[in-house]
Amino acid sequence: MTILSRNAPVCADLLTIGAGTVVRKDSLISCYRARAGVIETGPVVLGRDAVVSEATVLDIGTRLGDGAQLGHASSLHTGQTVPDGERWHGSPAQPADADFQPVPPARCGTLRRFGHGTLLLLTIVLVYVPLAVGALDVLLSRMLAGTGVGARAAAGSVLPAGVLAVTAVTYFGGLLLLLAVLATVPRLLGLFLVPDRTYPLFGFHHAVHRAIVLLTNRRSLTRLFGDSSGIVHYLRWLGYRLTPVEQTGSNFGTQVRHESPFLSSVGTGTMVADGLSLMNADYSSTSFRVSRTAVGARNFLGNRVAYPSRGRTGDNCLLATKVMVPVDGPVRHDVGLLGSPCFEIPRSVLRDSTFDELKDGDGLRRRLAAKNRHNAATMAWYLFSGWLYFFCVALLFASAASLYPRWGTVAIALANVVVLPFTLLYFVLVERAVTAAHPPRPLFCSIYDRRFWRRERYWKVPSETYLHVLDGTPFKTAVWRLLGVRIGARVFDDGCSLTERPMAAVGDGCTLNAGSVLQCHSQEDGAFKSDRIAVGAGCTLGVGAFVHYGVTVGDGAELAADCFLMKGESVPEGSRWAGNPAHPSPGADRPEPCGGA
């Protein structure tokens, strides 16, 4: 079997995986869920030679038979079973005709897998760990040397000036060095991979492919350049084919991922909201191959779109949020696609064309120049806040190192204890500073409106990564309140994301599962829309559930796993909704044979 997802199962003893099965990236298989304030556990069974594709959710009490396949952007709800040899897709899944494993097998025996795992472990122990420890030792030594602490160690003090100089050189110099590495090393490695050729896993070519993936998917850099004109130049720097470019200042969001930048192309006039994942690689349990993934011209892609290399869409398409891009049938043109499995909708509506007159002429050039200036200031804010955090943490540990001769390991332990609450307080203050003059409010405007640029600053400058350290603990709701979320008592948050914190309201006793999202905005072409979300008391958001703006969820309602609740919906009290797009779903799906806890 081959598991490519980084989301490790929590209740691993309840997960059964047969020989020859492949679980691809971004799959959520936790074998537990939270529901109405209770943790429920249940088995997930994957038979022999089964396929679980990208961006999927398998709820508890589900099963894939031998040789069964589950397509990308799909889910299995409790009680669903895919029979042996069948192919299903959609959310919740249903029978399909498409083949989601187009790669033939290759020779990849136990010895090859053992050798790969052993080499990886030795690399971590003998290379990565010594380099990390050595780099930290050199960094602290330079800081202490720069402050003259060696001559006054008895005082146990550190002068900030030396730490400031070392951290500035390390932070900004490291950024420039990383950009230089990204322009050279991945291109050299890419020469060893031939598109559309099948290679065995866990060999030289697989190691080259993994190195390219790890090097070129730098979240900090896509966040830095995203939502600005700079993202186009950065992606081309990596190897994307984007020529000719129609610059809008918002061609891509702050989250863009791929498996090979050299095999990624996006057509002229296409805009991407956020969370695009270009699936350049296809896998079996023993082999892989990389292929070109091409998005057509004049498209608009919503949030969290996983686009496969065999995607059957062409020019002038709207791919809605969480849509399942088809991999069979005719190539779609001049149409919108929504849902999983997808169905056709109009490419655009009259409301979205309100600001079309701002997209051309001299006025566009002036507005784009103004947006670029505002975005440049936002990028400077982002870099400064990141460096300032690095400086403060470095100063903390340099001070602890200076106290080590007298206090021993107690000084280092105290620094480790302080760093987490400091991190929380620091990023809460950064977010408060960004929103102090212009807090997020309901908005309908052009992307060339200054109010939208301020919203882009709000998305970019404050970090959210630190919040996931608190997932599943009562401390997370306390931080949500500090960030402006109107959140009630006894809320269990196992990994929810809130894009505009002051515009979300969550009632008492709610249960928010891992991977769930409350997103108070939407962008379609050049129009931006934003509104509040209200979730009543006692509600449950399933694993991977996505809630759009302008939504009201009544008390005691439940949204099933992987559902997509569209803008403006009103969910009645006590009801259960499921699907992508979400709709009323009668009955409950409590896994009686699975047990609970």
Side-chain angles (χ1 to χ4, degrees), residues 5 7 9 15-18 21-31 33 42-102 277 279 304-306 308 310-312 320-329 337-343 513-516 542-546 558-565 576-591 594:
S5 176
N7 300 308
L15 177 61
T16 301
I17 304 178
T21 290
V22 56
V23 179
R24 298 184 61 174
K25 68 177 184 180
D26 299 331
S27 300
L28 282 169
I29 311 175
S30 299
C31 299
R33 66 181 179 187
V44 175
V45 179
L46 308 178
R48 295 175 57 90
D49 301 314
V51 175
V52 179
S53 300
E54 286 89 343
T56 51
V57 176
L58 274 68
D59 210 344
I60 62 176
T62 55
R63 180 186 182 94
L64 263 73
D66 295 344
Q69 299 181 10
L70 180 65
H72 60 282
S74 301
S75 65
L76 289 180
H77 290 186
T78 298
Q80 283 194 294
T81 296
V82 181
D84 293 352
E86 291 195 10
R87 306 164 185 169
W88 285 33
H89 69 188
S91 184
Q94 55 190 269
D97 295 325
D99 185 2
F100 299 105
Q101 191 182 41
S277 176
M279 297 154 49
R304 299 205 175 190
V305 174
R310 298 179 296 141
R312 302 291 290 171
T321 293
K322 282 177 67 72
V323 68
M324 179 183 180
V325 179
V327 295
D328 61 346
L337 297 177
L338 171 66
S340 177
C342 67
F343 56 89
N513 273 276
S516 57
V543 177
F546 193 105
E558 178 184 356
L559 303 182
D562 196 44
C563 76
F564 172 36
L565 188 60
R576 180 180 184 276
W577 285 43
N580 177 4
H583 55 274
S585 175
D589 62 349
R590 292 191 182 277
C594 305

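- Note that the CG atom of L58 and the NE2 atom of H77 stand 10.0 Å from one another [nearest 0.5 Å].
- Distance alone, capped at 3.5 Å, is enough to place a donor-acceptor pair between the T21 side chain and the A50 backbone.
- Using modelled atom types, one side-chain atom of Q80 and one backbone atom of A93 make a donor-acceptor pair closer than 3.5 Å.
- With hydrogens and angles disregarded, a donor-acceptor distance shorter than 3.5 Å links the side chain of D84 to the backbone of D66.
- Counting heavy-atom neighbours within 6.0 Å of R48 CZ, excluding the residue itself, gives a total of 12 or less.
- Taking the side chain to side chain donor-acceptor pair (under 3.5 Å) definition, one finds that S5 meets it with nothing, sequence neighbours left out.
- Under the 3.5 Å distance criterion, the side-chain polar atoms of H583 are left unmatched by any main-chain donor or acceptor of W577.
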Report the C-alpha separation of T78 and R33 in whole Å, then their side-chain angles, then the decisive distance to 0.1 Å, and conclude whether the side chain to side chain contact (heavy atoms under 4.5 Å, CB included) test is met. CA-CA 11 Å; T78 298; R33 66 181 179 187; 3.1 Å; yes
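- Between S277 and the choices E54, R304, K25, the side-chain hydrogen bond (donor to acceptor under 3.5 Å, both in side chains) rule is met once, by K25.
- The distance from the CG atom of L46 to the CG atom of L15 is 6.0 Å, given to the nearest 0.5 Å.
- Residue R87 places its CZ atom among more than 12 non-hydrogen atoms of other residues, nucleotides or ligands, all under 6.0 Å distant.
- Counting only distance, with no hydrogens or angles, the side chain of S74 and the backbone of H72 share a donor-acceptor pair below 3.5 Å.
- Of the N and O atoms on the side chains of S91 and K322, not one donor lies less than 3.5 Å from an acceptor on the other residue.
- Across V22 and Q101, no two heavy atoms sit closer than the pair CG1-NE2, 3.7 Å.
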Show your working on side chain to side chain contact (heavy atoms under 4.5 Å, CB included) between F564 and L338 and close with a plain yes or no. CA-CA 10 Å; F564 172 36; L338 171 66; 4.1 Å; yes
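- The distance from atom CD1 of I17 to atom CD1 of I29, rounded to the nearest 0.5 Å, is 6.5 Å.
- The shortest side-chain heavy-atom distance between V305 and V323 falls under the 4.5 Å cut-off.
- In terms of modelled atom types and a separation under 3.5 Å, the side chain of R312 and the main chain of G329 share a donor-acceptor contact.
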Could you check M279 against S53 for side chain to side chain contact (heavy atoms under 4.5 Å, CB included), going step by step and ending with a plain yes or no? CA-CA 11 Å; M279 297 154 49; S53 300; over 6 Å; no
Stepwise side chain to side chain contact (heavy atoms under 4.5 Å, CB included) check, D562 with N580: CA-CA 8 Å; D562 196 44; N580 177 4; 5.6 Å; no
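- At least one donor-acceptor pair closer than 3.5 Å links the side chain of N7 to the backbone N or O of S27.
- Considering CG of D328 and CG of D97, their distance stands at 7.0 Å, rounded to 0.5 Å.
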